[in-house]
Novice: 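Please see the structure below; I have some questions.
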Amino acid sequence: MRQLNVGKFLKAGRGLALAVTAAVVLLAGNAGARAEQGGAKIFSDIKGHWAEQTIYRLSDEGILDGFPDGTFRPDEPVAADQFVKILLLSFTQQFPNGERRWTNEFVQSLSPANRNVLEQDFRDFSFKPSTVGYWAKPYIDLAGGLNLIGKNQFPDFKAKLKREDVAEIVYYTVKETEYLEDETFSLNAASVIGDLQSATARQQKFIAETFAKGIMEGYPNGYFGVSRVVTRAESLAILERIVDKSKRISAKNGVSGQYDRIVPTKDGSYKKLMFPSETMYRAYDVMQQAGKLRGTNFDLEETTLRLFKDAETKAKFLKRTAGDGPYEEAAIWLEPAYRTYGITVRLQEGMLARNEEALRTFVNFLFASDAATFQKHFANVYGTLQNGKAVENGTVQIGKFSVETDVAPDGQSVVFSIVEKEK
């Protein structure tokens, strides 16, 4: 994954500051001025504040500025529209003349679909508030277009943001710009949060993700602060951690990440999965190798490898809608949460010939010296079905694995679920 570093943003020359007594930046349609002294900005109300350095760093970039009276007001709440604006600005670099552009890291982190949205649908985005109508509309439209927020997520974008609301925005932002953590891992890491159960199950998922990612942390009392509003200072600390991973806080909570890996998802983004053993962790690599033996006639989505008859069938699968299919003629899959491996095959002319090498690669790795025994079992089941005869579902022991055979009611497909015996 690419690391976005706010320290790479271009800064205006300090020499220019000597000739300027105040700079005005719009936030939420209101003007804010920077008090300067000896070429450096000075806010009268943040000395000794826990976020003092973060405030100065990000205000230097024009992400969020102070008020005409020389204050920053770090503990005032942030509205939803304000947060959306500064979230987007965090992914930009500012030039000495005040112009902005997206960082290369941000653009490259997006999926092809989102990159197209950014470069085509919003190619004229000016990074400035609207001067006609609602000032925040350009920011909200873009954030919605990139799926960083739900277009109807906030009935009132002027409402003060609560911490669980910010967690939801962060969740979808990292989903689109990096990857999601394994959900079981995240919830386990977040179990130490004192008020986690006061959030809804949906909110807990968002909170757990941001906590496990180290982007949002709890308060000294061990509480996350469910229902508390997010302050201006907190919002900058959160945004800095989104962009600069070196600022994030470890929240492993004793969970080993030895067998975790990042996998592609259905929507073109990524997520982290935790594998229960080294065998299953390595099986994922073997599954990838098996797919490549079919040229391009495969698709790997999370922990399922689908093998297709030809490019035309694969194209139909990629354009599928809910309820369509199945299009694959064979599949190799893993279920980490249930410690289960699997092979699914359909009765289709030429299926065995096309997929024999891919299936054997996976079987040989998993069963090792017992691979021939499984292959014999597989051939017996598949051959019986091909001859139009019924196969009774059941379980057999092959080496250290229990192999459950499950034939579809129409007799046209069979699933082999493979579970390693507990030691």
Side-chain angles (χ1 to χ4, degrees), residues 1-5 87 90-91 102-119 143-150 167-190 202 205-216 238-239 241-248 250-252 255-276 280-292 296 298-306 314 317-318 320 331-337:
M1 290 296 115
R2 304 172 182 86
Q3 179 163 324
L4 309 183
N5 193 329
L87 170 66
S90 295
F91 293 118
W102 302 110
T103 63
N104 291 332
E105 293 91 343
F106 174 64
V107 175
Q108 292 169 8
S109 74
L110 298 175
S111 66
N114 266 358
R115 201 173 303 159
N116 186 66
V117 168
L118 189 69
E119 296 175 347
L146 295 177
N147 301 308
L148 307 185
I149 61 170
E168 182 173 352
I169 296 175
V170 172
Y171 178 95
Y172 286 109
T173 297
V174 298
K175 182 176 185 292
E176 298 299 333
T177 59
E178 42 183 287
Y179 60 89
L180 295 176
E181 298 289 334
D182 177 86
E183 189 168 327
T184 301
F185 163 77
S186 298
L187 288 170
N188 186 75
R202 181 172 181 272
K205 179 178 72 171
F206 303 141
I207 293 170
E209 176 69 23
T210 63
F211 187 81
K213 269 279 193 287
I215 295 173
M216 296 180 72
I238 291 166
L239 294 175
R241 290 172 189 159
I242 291 176
V243 175
D244 185 353
K245 292 179 182 177
S246 70
K247 302 292 185 183
R248 296 185 183 181
S250 176
K252 293 293 185 183
V255 181
S256 172
Q258 184 177 3
Y259 301 126
D260 63 73
R261 71 167 70 239
I262 299 164
V263 301
T265 60
K266 177 180 178 180
D267 59 6
S269 58
Y270 296 88
K271 67 185 295 185
K272 182 186 285 186
L273 288 180
M274 304 292 293
F275 290 84
M280 186 170 284
Y281 181 85
R282 292 172 57 203
Y284 186 89
D285 290 326
V286 176
M287 191 168 67
Q288 289 180 304
Q289 296 168 15
K292 293 176 182 178
T296 59
F298 74 93
D299 180 80
L300 181 59
E301 180 183 295
E302 295 197 13
T303 55
T304 299
L305 172 71
R306 293 179 173 86
K314 178 182 177 180
F317 166 77
L318 294 176
R320 72 195 184 281
I332 300 171
W333 46 270
L334 309 173
E335 286 286 358

Novice: Side chains of L146 and E176: does their closest heavy-atom pair fall under 4.5 Å?
Specialist: no
Novice: So, taking the atom named CG in D182 and the one named CD1 in I262, what distance separates them when rounded to the nearest 0.5 Å?
Specialist: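 Rounded to the nearest 0.5 Å, the CG-CD1 separation comes to 11.5 Å.
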Novice: Quick check: do V286 and I332 have side-chain heavy atoms less than 4.5 Å from each other?
Specialist: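 SC-SC contact between V286 and I332 ruled out.
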Novice: Once the angle between the rings of F275 and Y281 is folded into 0 to 90°, is it parallel (under 30°), tilted (30 to 60°) or perpendicular (over 60°)?
Specialist: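 Ring orientation, 0 to 90° scale: perpendicular.
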Novice: Minimum heavy-atom separation for L148 and Y172, please, with both atom names.
Specialist: O-CB, 3.6 Å
Novice: Can you tell if the side chain of V107 reaches within under 4.5 Å of the side chain of R115, non-hydrogen atoms only?
Specialist: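 Of all side-chain heavy-atom pairs linking R115 with V107, at least one is under 4.5 Å.
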Novice: Which heavy atom of P336 sits nearest to which heavy atom of P276, and what is that distance?
Specialist: O-CG, 3.6 Å
Novice: Please walk me through it: do K271 and E183 pass salt bridge (Lys or Arg N to Asp or Glu O under 4.0 Å)?
Specialist: CA-CA 9 Å; K271 67 185 295 185; E183 189 168 327; 5.9 Å; no
Novice: Is R248 close to I215 at the side-chain level, that is, under 4.5 Å between some pair of heavy atoms?
Specialist: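 Result yes, sub-4.5 Å side-chain heavy-atom pair found.
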Novice: Could you check whether any side-chain heavy atom of E181 comes within less than 4.5 Å of a side-chain heavy atom of D260, counting everything from C-beta outward?
Specialist: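 Not touching, per the 4.5 Å side-chain cut-off.
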Novice: If you define the side chain from C-beta out and look only at heavy atoms, does anything of M274 sit under 4.5 Å from T184?
Specialist: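 The answer is no; the side chains never approach within 4.5 Å.
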Novice: Do you know which two heavy atoms are closest between P264 and L300, and how far apart they sit?
Specialist: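 Nearest pair, atom of P264 first, then L300: CG-O, 3.5 Å.
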Novice: In Å and rounded to the nearest 0.5 Å, what is the OG to CD1 distance from S186 to I207?
Specialist: 12.0 Å
Novice: Report yes if some heavy atom in the side chain of Y284 is under 4.5 Å from a heavy atom in the side chain of V263; otherwise report no.
Specialist: yes
Novice: Does CZ belonging to R320 count more than 12 external heavy atoms closer than 6.0 Å?
Specialist: yes
Novice: K314 and T296: which non-hydrogen atoms are nearest, and at how many Å?
Specialist: NZ-O, 2.8 Å
Novice: Measuring from atom CD of Q289 to atom CG of L305, what distance do you get when rounded to the nearest 0.5 angstrom?
Specialist: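 Rounded to the nearest 0.5 Å, the CD-CG separation comes out at 11.5 Å.
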Novice: With a 4.5 Å heavy-atom cut-off, do E209 and V170 have their side chains touching?
Specialist: no
Novice: Answer yes if the side chains of T177 and T173 hold a donor-acceptor pair under 3.5 Å, and no otherwise.
Specialist: no
Novice: Do you know the tightest heavy-atom contact between T304 and M287?
Specialist: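 Heavy-atom minimum between the residues: N-CE, 4.4 Å.
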Novice: Closest approach of A208 and L187, non-hydrogen atoms and distance?
Specialist: CB-CD2, 3.7 Å
Novice: Between I242 and L87, is the side chain to side chain contact (heavy atoms under 4.5 Å, CB included) condition met? List the steps.
Specialist: CA-CA 9 Å; I242 291 176; L87 170 66; 4.2 Å; yes
Novice: How long is the gap from OG on S109 to OH on Y270, to the nearest 0.5 Å?
Specialist: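 That separation rounds to 11.0 Å.
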Novice: Applying the ring-ring contact (aromatic ring centres under 6.0 Å, His included) criterion to Y171, which one of F211, F206, Y179 satisfies it?
Specialist: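 Running ring-ring contact (aromatic ring centres under 6.0 Å, His included) over F211, F206, Y179 with Y171 returns exactly one hit, F206.
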